[in-house]
Amino acid sequence: MEDACKSALNFFSDQQLCYADILTPPEVIARIQVAVLNFLRILTSPDPAISDLPLVARSSSNSRLSRGLVTQTSWIFLTRSFCTRSLLRPNAAKAFIRVWKVMAMCSEILGQGKRVTQRELFYKLLCDSPEYFSSQSQVNRTIQDVVALLRCSRYSLGIMASSRGLVAGRLLLQEPNQEVVDCAACGFSGHAITGDLNSIDKLMMKTDARYIIVVEKHAIYQRLVEDHVFNQIPSILITAKGYPDIATRLLLHRLSRAFPDLPILALVDCWFSYFMHFQVRKYRDGAGSLQICLQCQVVGNAS
C-alpha cells in the first residue's frame, strides 16, 4: 500500500519528491561505500578535485505536504532543492569532515549489528574526533546531513530514539522470545518504553483496559500509578515526561491499532500545543524523522 501511495504521489506531482528510505544495514553500508568511491573517483581523476557533498535542503521553503488520495495518511516531503557541504569554504570545512566521520562511525556500528542513541553517538565521536565534535548539536546537525546525503532514515543508520516514556496499567507486553511484562506489576514508575523502534513494532500486546490515558506531567503520572488508578478505572497509563518522544508516540500508535475501540484520553496542563500535537495523523519527513501522533480527547488539567 505504501509503495502504491508513493507511486501515486509521484504521478500526480509536478516535480520529483525526496523521502528517506528505510534500509537494511547492508544497504546503508553499500550507500556509504558508493559515496566514498565517488569521492575517491573524482579525487584521482585526470582533473582531480575535492567534490562537494550535495545535500537535500531542509528549509521550510523546500518542503511539500502531500495528502493521501485513498488513505488519511499525510506525508511531508522535501523537493529537489540542494545545498552543499564543501571542504574549500572555511566556514563549512569542519561540517564537511563531520559528515564523513559520522558515516564512518555509522558504518562501524551497523557492521557490528548494534544500535546507539544520538547521545551515545556523541560520546563515541567525542572520544574518536574531539577536534570536530564538541557538542551534541553538532552531532545532531551532522546526522541530518548524512540522512540528506544517503536518503535513508536515522534508524537505518543504526541511530535509535532515546525514549523517556513510561507505561503502566492493564497491559501485557511481550517481545519475541522474551518473557511477558505485566505493566501493572512494574512498581511505582511502570515499565520503561524502549527506544528501539523495531522492538516496539514487534511487541505482542494484551489488555482488558477500557481507556488509554496519556499523562503529560511525570509527577501526576507517578501519583496515578502509586494509587493504582488503573484498577479503579480499567486503563493503560502512558507518559513521555513532557513533550512526547518518537518511541512513546510509536507505542501509542501501536496501542491504537491493536485496540481500536479504546478511547485515547489526554491529561495535560494549560500548554495547549501538547494536546494539539496528538491531533496529527502520521507523516514522514524528508530528513528521516518519523512523527506518529493520534486523535485523542482532553479529560482534564494536570497543573
Side-chain angles (χ1 to χ4, degrees), residues 1-7 9-10 16-45 48-58 62 75-87 92 94-118 120-122 124-125 128-129 132-133 138-161 195-202 246 250 284-290:
M1 177 59 74
E2 287 187 348
D3 290 339
C5 287
K6 291 173 186 176
S7 298
L9 287 172
N10 282 331
Q16 191 173 4
L17 302 174
C18 301
Y19 56 88
D21 297 319
I22 299 176
L23 305 175
T24 63
E27 289 174 322
V28 177
I29 292 173
R31 289 195 182 187
I32 293 173
Q33 291 172 343
V34 168
V36 173
L37 290 173
N38 284 338
F39 180 80
L40 294 177
R41 177 177 54 82
I42 297 173
L43 190 63
T44 58
S45 65
I50 297 177
S51 59
D52 293 343
L53 295 176
L55 310 177
V56 179
R58 298 190 297 273
N62 190 40
W75 302 79
I76 291 180
F77 288 95
L78 296 177
T79 61
R80 294 288 179 176
S81 176
F82 288 89
C83 61
T84 61
R85 290 286 181 267
S86 173
L87 187 63
K94 281 197 170 183
F96 178 91
I97 296 172
R98 288 188 195 109
V99 172
W100 293 105
K101 291 286 186 180
V102 168
M103 281 199 293
M105 186 64 70
C106 288
S107 179
E108 180 182 338
I109 291 167
L110 292 171
Q112 295 172 351
K114 297 180 179 178
R115 294 193 179 277
V116 297
T117 65
Q118 287 191 175
E120 290 171 329
L121 182 62
F122 166 62
K124 285 179 175 291
L125 292 166
D128 182 71
S129 307
Y132 295 109
F133 297 95
Q138 289 176 338
V139 175
N140 296 347
R141 285 194 296 269
T142 307
I143 290 171
Q144 292 180 325
D145 286 346
V146 173
V147 166
L149 176 67
L150 300 180
R151 315 281 179 82
C152 66
S153 66
R154 282 177 295 180
Y155 190 75
S156 299
L157 290 171
I159 303 168
M160 65 181 183
D196 189 336
L197 305 185
N198 191 45
S199 295
I200 295 176
D201 266 334
K202 294 178 180 178
I246 294 175
L250 180 57
R284 183 182 302 280
D285 69 23
S289 65
L290 180 65

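- Annotation: side chain of N38 is not in contact with side chain of I42 (no heavy-atom distance under 4.5 Å).
- Side-chain contact between R115 and Y155 is present, with at least one heavy-atom pair separated by less than 4.5 Å.
- Rounding to the nearest 0.5 Å gives a distance of 5.5 Å between CG of L197 and CG of L250.
- Rounded to the nearest 0.5 Å, atoms CG (L110) and CD (Q112) are 9.5 Å apart.
- Side-chain atoms of T142 and L125, non-hydrogen and from C-beta on, never get closer than 4.5 Å to each other.
- Using a 4.5 Å heavy-atom cutoff, the side chains of Q118 and N140 are in contact.
- Atom CD1 of I32 is separated from atom CD of E108 by 11.0 Å, given to the nearest 0.5 angstrom.
- Separation of atoms OH (Y132) and CZ (R98) is listed at 9.5 Å; rounding is to 0.5 Å.
- Contact between L40 and T44 at its shortest, heavy atoms only, is O-OG1, 2.7 Å.
- A side-chain contact (heavy atoms from CB on, under 4.5 Å) with M103 is found for exactly one of V36, L157, L150, namely L150.
- Between the side chain of S107 and the backbone N or O of A104, no donor-acceptor pair lies under 3.5 Å.
- In plain terms, the two heavy atoms of I109 and G158 that are nearest each other are CG2-O, 4.4 Å.
- In this structure, K101 and F133 approach most closely via the heavy-atom pair CB-CE1, 3.7 Å.
- The two residues V147 and C152 have their closest heavy-atom pair at CG1-O, 3.1 Å.
- You'll find the side chain of I246 reaches within 4.5 Å of the side chain of R154, heavy atoms only.
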Hey, can you pull the donor-acceptor pairs under 3.5 Å for the side chains in residues 23-30, sequence neighbours left out?
| from | atom 1 | to | atom 2 | distance (Å) |
| --- | --- | --- | --- | --- |
| T24 | OG1 | E27 | OE1 | 3.2 |
| E27 | OE1 | T24 | N | 2.9 |

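- Qualifying salt bridge (Lys or Arg N to Asp or Glu O under 4.0 Å) partners for R31, counting only residues two or more places apart in sequence or in other chains: D21.
- Residues T117 and I159 approach most closely at C-CG2, 4.4 Å, considering heavy atoms.
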